[in-house]
*Asks:* 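Can you keep this structure in mind? I'll have questions shortly.
Any value given below was found using the heavy atoms of this structure, including those in side chains, with hydrogens, waters and symmetry copies removed.
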Amino acid sequence: MKLTIKEIAKLSGVSQATVSRVLNNSASVKEETKRRIEKIIEEYHYTPNAVARSLSKNETNNIGVIIPDISNPFFCEVIKGVSSVANENGLNIILCDTHENQQKEIHFLNSLKNEKLKGIIITPVSDTYQFDSDYSNLLEGMNVPIILVDRDVKYSNFDGVFIDNIKGAFEATSALIQEGHRNIAVIAGPTTSKPGRDRLIGYKKAYMMNNIPINEELIFYGDFGLESGYNNAKKILNSKHKPTAIFSCNNLMTIGVLKALTELHLQIPDDIALIGFDDIEILDTLGFKISSISRPTFEMGEIAMEMLINQLKNRNKAKDNTVNRVTLIPQLILRGSEKLIRKE
């Protein structure tokens with residue numbers, strides 16, 4: 001029977017960190033505890049994997065995970081995916097939430113320099129040109145493997161896992177157009193992030209492919225936060241152009257839209273149609289059947305962690321400058337909120 005560090009910890013009644021310390025001959029473990037763990041290791045013929053064997057007294061078994069918003073369910077699922085693979089490999093996570101603030105992100109990166117990390121998984125706040133040169137130098141200066149999740153860094157060669165945001169937004173907008181909608185308001189994300197820009201490109205592409213003029217006055221910009229979805233929805237609903245549908249470019253902004261519609265006693269899709277980018281599981285429980293662009297979020301976290309482990313296993317090999325970038329395809333899920341209800 002092959003055990004993982006997690007299972008050894010459970011059988012021993014200790015934490016995974018304690019098992020890792022025993023595997024690395026740390027003196028900080030009580031002798032009685034050490035003997036108990038070693039007995040289980042011997043009984044089940046446990047052999048540490050390549051990552052665990054690479055640990056030394058000058059390293060920790062910690063990785064840094066830096067995300068922009070822990071309140072966003074998307075990042076919670078990414079972290080679950082990262083954790084599932086990290087646990088199987090005896091690695092611990094140091095989690096940092098930047099609150100979509102570049103200066104906080106820089107602060108965390110500088111702080112993590114002293115933590116002797118094995119690597120970093122990060123979703124950057126921004127990739128703006130004026131910020132990017134110094135930022136790339138900071139990341140490269142960490143001297144550990146860097147894996148990007150969801151958002152890119154301009155001119156960088158970091159491995160990463162991403163989503164085809166253009167395709168997702170194109171399919172969402174196309175679904176509304178196929179229903180007969182022509183005046184579709186979009187709440188786009190910040191133009192300082194690639195997902196924000198790409199989802200707006202997908203929206204515009206759907207209009208162009210259907211030979212429908214784009215009305216720039218129906219384009220609203222949010223910051224991927226709930227309040228920006230709420231405030232923009234209020235503006236849209238008071239717009240003179242009377243849109244029949246809204247495409248919200250992330251989950252928290254979609255919740256903000258629902259808040260505004262609820263306050264105004266408007267029904268979906270009877271009064272206005274809605275499609276959101278990112279599925280929100282709890283909405284179905286609450287009775288909101290919202291059509292959405294769904295992403296394999298948990299899988300993104302798993303892939304990111306596997307990329308990091310692969311770099312750790314091969315870090316002593318000669319570099320071939322190959323960049324490993326995976327782009328996953330989102331899925332359009334229609335639940336009825338995209339319908340055009342024609343009133344007589």
Side-chain angles (χ1 to χ4, degrees), residues 165-191 195-280 283-284 286-295 330-344:
N165 288 292
I166 294 177
K167 178 177 176 62
F170 173 81
E171 290 189 353
T173 310
S174 296
L176 291 169
I177 291 172
Q178 288 169 13
E179 280 293 324
H181 296 283
R182 293 296 179 268
N183 292 326
I184 304 167
V186 59
I187 304 178
T191 57
R197 296 192 300 272
D198 282 355
R199 291 172 196 175
L200 183 57
I201 289 172
Y203 164 86
K204 290 183 175 181
K205 181 180 177 182
Y207 266 86
M208 289 186 289
M209 292 292 288
N210 285 278
N211 297 314
I212 303 171
I214 297 170
N215 185 348
E216 296 289 339
E217 293 187 25
L218 288 177
I219 299 175
F220 298 78
Y221 293 92
D223 60 7
F224 285 151
L226 189 152
E227 285 302 313
S228 70
Y230 172 78
N231 292 329
N232 277 304
K234 286 289 190 71
K235 294 177 184 177
I236 290 167
L237 296 169
N238 290 321
S239 169
K240 63 181 180 180
H241 299 286
K242 295 183 174 63
T244 58
I246 297 174
F247 171 42
S248 171
C249 284
N250 95 319
N251 50 7
L252 292 183
M253 294 195 301
T254 300
I255 294 173
V257 172
L258 291 173
K259 178 183 176 184
L261 295 177
T262 301
E263 285 184 2
L264 295 171
H265 306 290
L266 297 176
Q267 299 296 314
I268 302 169
D270 301 60
D271 297 305
I272 193 164
L274 174 65
I275 292 185
F277 206 106
D278 280 332
D279 218 9
I280 310 171
L283 291 184
D284 187 59
L286 297 174
F288 291 100
K289 306 295 182 183
I290 305 300
S291 299
S292 67
I293 297 297
S294 179
R295 295 191 273 178
Q331 178 185 5
L332 174 65
I333 300 176
L334 298 177
R335 298 186 175 96
S337 69
E338 76 285 356
K339 298 294 184 182
L340 174 62
I341 306 299
R342 292 182 170 84
K343 298 180 179 180
E344 296 180 358

*Asks:* Could you pull out the closest heavy-atom pair between S291 and G336, with the gap in Å?
*Replies:*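 Smallest heavy-atom distance, with atoms named: OG-N, 3.5 Å.
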
*Asks:* Applying side-chain hydrogen bond (donor to acceptor under 3.5 Å, both in side chains) as the test, list every pair that has at least one member in residues 245-255; sequence neighbours left out.
*Replies:* N72-N251, S248-T254

*Asks:* Does the side chain of I268 reach to within under 4.5 Å of the side chain of I290, using non-hydrogen atoms?
*Replies:* yes

*Asks:* Quick check: do L252 and I280 have side-chain heavy atoms less than 4.5 Å from each other?
*Replies:* no

*Asks:* Please find the pair of heavy atoms, one from P330 and one from R295, that lie closest to each other, and give the distance.
*Replies:* CB-CG, 4.3 Å

*Asks:* How would you list, by chain and number, every residue that makes a side-chain hydrogen bond (donor to acceptor under 3.5 Å, both in side chains) with D223, sequence neighbours excluded?
*Replies:* S228

*Asks:* Roughly how far, to the nearest 0.5 Å, is the CD1 atom of I333 from the CD1 atom of I275?
*Replies:*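 So the CD1 of I275 and the CD1 of I333 are separated by 11.5 Å.
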
*Asks:* Test: salt bridge (charged side-chain N to carboxylate O under 4.0 Å, His left out). Region: residues 166-178. Which pairs qualify, not counting sequence neighbours?
*Replies:*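 Counting only pairs at least two positions apart or across chains, the salt bridge (charged side-chain N to carboxylate O under 4.0 Å, His left out) contacts touching residues 166-178 are K167-E171.
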
*Asks:* Only one of I272, T262, I246 clears side-chain contact (heavy atoms from CB on, under 4.5 Å) with V257; which?
*Replies:* I246

*Asks:* Using modelled atom types only, decide if a donor and an acceptor are shared between the side chain of N215 and the backbone of E217 within a distance under 3.5 Å.
*Replies:* yes

*Asks:* Who are the side-chain hydrogen bond (donor to acceptor under 3.5 Å, both in side chains) partners of S294, not counting sequence neighbours?
*Replies:*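 Expected list: none.
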
*Asks:* If the condition is salt bridge (Lys or Arg N to Asp or Glu O under 4.0 Å), which residues does K259 pass it with, not counting sequence neighbours?
*Replies:*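 So K259 forms a salt bridge (Lys or Arg N to Asp or Glu O under 4.0 Å) with E227.
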
*Asks:* Going from OG on S239 to CG on L218, what distance comes out if it is rounded to the nearest 0.5 angstrom?
*Replies:* 5.5 Å

*Asks:* Please report the closest heavy-atom contact between P269 and S337, naming both atoms and the distance.
*Replies:* CB-O, 3.7 Å

*Asks:* Would you say the side chain of Y230 lies within less than 4.5 Å of the side chain of M253, judging by non-hydrogen atoms?
*Replies:*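 In short, these two side chains do not touch, never coming nearer than 4.5 Å.
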
*Asks:* Atom CZ in F247, atom CD1 in I187: separation rounded to 0.5 Å?
*Replies:*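 CD1 of I187 is found 10.5 Å from CZ of F247.
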
*Asks:* Report the residues that fulfil side-chain contact (heavy atoms from CB on, under 4.5 Å) with D198, sequence neighbours left out, ordered by chain and then residue number.
*Replies:* N165, I166, K194, I201

*Asks:* Minimum heavy-atom separation for L200 to Y221, with atom names?
*Replies:* CD2-OH, 3.5 Å

*Asks:* Which value, rounded to the nearest 0.5 Å, describes the distance between H181 atom NE2 and L340 atom CG?
*Replies:* 4.5 Å

*Asks:* Would you please name every residue forming a side-chain contact (heavy atoms from CB on, under 4.5 Å) with L264, sequence neighbours left out?
*Replies:*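 If we apply the side-chain contact (heavy atoms from CB on, under 4.5 Å) test to L264, skipping adjacent residues, the hits are K234, L237, L266.
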
*Asks:* Write out all pairs satisfying salt bridge (charged side-chain N to carboxylate O under 4.0 Å, His left out) with one or both partners inside residues 199-216, taking only residues at least two apart or from two chains.
*Replies:*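 Those involving residues 199-216 are K204-E216.
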
*Asks:* Does the side chain of I184 come within less than 4.5 Å of I177's, by heavy atoms?
*Replies:* yes

*Asks:* Step by step, would you call D271 with L261 a side chain to side chain contact (heavy atoms under 4.5 Å, CB included)?
*Replies:* CA-CA 9 Å; D271 297 305; L261 295 177; over 6 Å; no

*Asks:* Any idea which heavy atoms bring A175 and L334 closest together, and the distance?
*Replies:* CB-CD2, 4.1 Å

*Asks:* Could you measure the distance from the CD atom of E179 to the CD atom of E338? Nearest 0.5 Å is fine.
*Replies:* 5.0 Å

*Asks:* Under the ring pair (Phe, Tyr, Trp, His ring centres under 6.0 Å) test, which residues partner Y203, sequence neighbours left out?
*Replies:* Y207

*Asks:* By side-chain contact (heavy atoms from CB on, under 4.5 Å), which residues pair with K242, not counting sequence neighbours?
*Replies:* none

*Asks:* Working to the nearest 0.5 angstrom, can you tell me the gap between N183 CG and T244 OG1?
*Replies:* 6.0 Å

*Asks:* Can you name the side-chain hydrogen bond (donor to acceptor under 3.5 Å, both in side chains) partners of D279, sequence neighbours left out?
*Replies:*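 D279 satisfies side-chain hydrogen bond (donor to acceptor under 3.5 Å, both in side chains) with S292, R335 only.
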
*Asks:* Could you tell me whether the side chain of Q331 reaches within less than 4.5 Å of the side chain of I293, counting heavy atoms only?
*Replies:* no

*Asks:* Over all heavy atoms of both residues, which pair between C249 and G189 is shortest? Give the atoms and the distance, please.
*Replies:*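 Smallest heavy-atom distance, with atoms named: CB-N, 4.1 Å.
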
*Asks:* Quick one: side-chain contact (heavy atoms from CB on, under 4.5 Å) partners of Q178, sequence neighbours excluded?
*Replies:*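 For Q178, the residues satisfying side-chain contact (heavy atoms from CB on, under 4.5 Å) (neighbours in sequence not counted) are S174.
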
*Asks:* Please tell me if the side chains of I236 and F220 come closer than 4.5 Å, counting only heavy atoms from C-beta onward.
*Replies:* yes

